[in-house]
Amino acid sequence: MTFSNDKPIYIQMADRLMDEILAGKYQDDDRIPSVREYSVLLEVNTNTAVKAYEQLAREEIIYNKRGLGYFVTPGAKKQILKARKKEFMKERLPELFRQMRLLDITIDDVAEAYKNLQDVK
């Protein structure tokens with residue numbers, strides 16, 4: 001995984017795991033890779049992976065079964081979607097609309113571009 005400099009690596013790791021949950025790679029109560037497995041996979045220090053898992057556990061996205069590992073909390077996908085939609089609407093959408101106004105892009109232009117992207121798939 002290539003990490004960016006805009007946020008801490010452990011947050012980027014947590015985001016990746018949440019992306020995998022959203023994509024359906026891990027379902028409710030599925031076991032996720034161990035801290036060590038995930039740190040090896042992403043080529044990061046184990047302590048960094050521990051911080052990512054602790055963050056996700058605090059947010060109740062994952063839970064630990066002592067001696068068995070970490071598992072996806074039931075309802076985690078719905079919780080992630082709700083939080084990400086809220087963040088998008090509050091932080092990203094206003095900037096998108098600002099850029100649209102500056103570039104004279106209409107909602108119809110965006111709808112057409114979206115439709116064209118869907119046709120390609």
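Numbering of residues begins at 1 and proceeds along the displayed sequence.
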**Study point:** Residue list, salt bridge (Lys or Arg N to Asp or Glu O under 4.0 Å) with Lys115, at least two apart or on another chain
**Key:** Asp119
Exercise for review: Tell me, please, which residues at least two apart from Arg66 pass side-chain contact (heavy atoms from CB on, under 4.5 Å).
Suggested key: none
Study note, to complete from the structure: The remaining residues in the hydrophobic cluster of Tyr10, counting side-chain heavy-atom contacts under 4.5 Å among Ile, Leu, Val, Met, Phe, Trp and Tyr, are Ile11
Point to revise | Asn45 and Thr48 side chains, donor-acceptor separation under 3.5 Å | key: no
Check your understanding: Residues two or more places apart in sequence or in another chain: which of them pass side-chain contact (heavy atoms from CB on, under 4.5 Å) with Glu20?
Key -> Arg16, Leu17, Lys25, Tyr26, Tyr38
Practice item. With sequence neighbours excluded, give me every side-chain hydrogen bond (donor to acceptor under 3.5 Å, both in side chains) pair touching residues 91-105. Key: Glu95-Arg98, Glu95-Gln99
Review point. Within the side chain of Glu37, is there an N or O that forms a donor-acceptor pair under 3.5 Å with the backbone of Ser34?
Key: yes
Check your understanding: Can you pull the ring pair (Phe, Tyr, Trp, His ring centres under 6.0 Å) pairs that have at least one residue in residues 58-95, sequence neighbours excluded?
Key -> Tyr53-Tyr70, Tyr63-Phe71
Check your understanding: Any donor-acceptor pair under 3.5 Å linking the side chain of Thr73 with the backbone of Glu60?
Key -> yes
Check your understanding: Ignoring hydrogens and geometry, is there a side-chain-to-backbone donor-acceptor pair from Gln79 to Pro74 under 3.5 Å?
Key -> no
Exercise for review: Mind listing the closest non-hydrogen atom pair of Ile21 and Ile80 along with its distance?
Suggested key: CG2-CD1, 3.9 Å
Point to revise | Any donor-acceptor N/O pair, Asp30 side chain to Val72 backbone, under 3.5 Å | key: no
Review point. Taking a hydrophobic cluster as the set of Ile, Leu, Val, Met, Phe, Trp and Tyr residues connected by side-chain heavy atoms closer than 4.5 Å, whether directly or through intermediates, do Val110 and Leu117 fall within one such cluster?
Key: no
Point to revise | Euclidean distance, Leu81 CG relative to Lys86 NZ, rounded to 0.5 Å | key: 14.5 Å
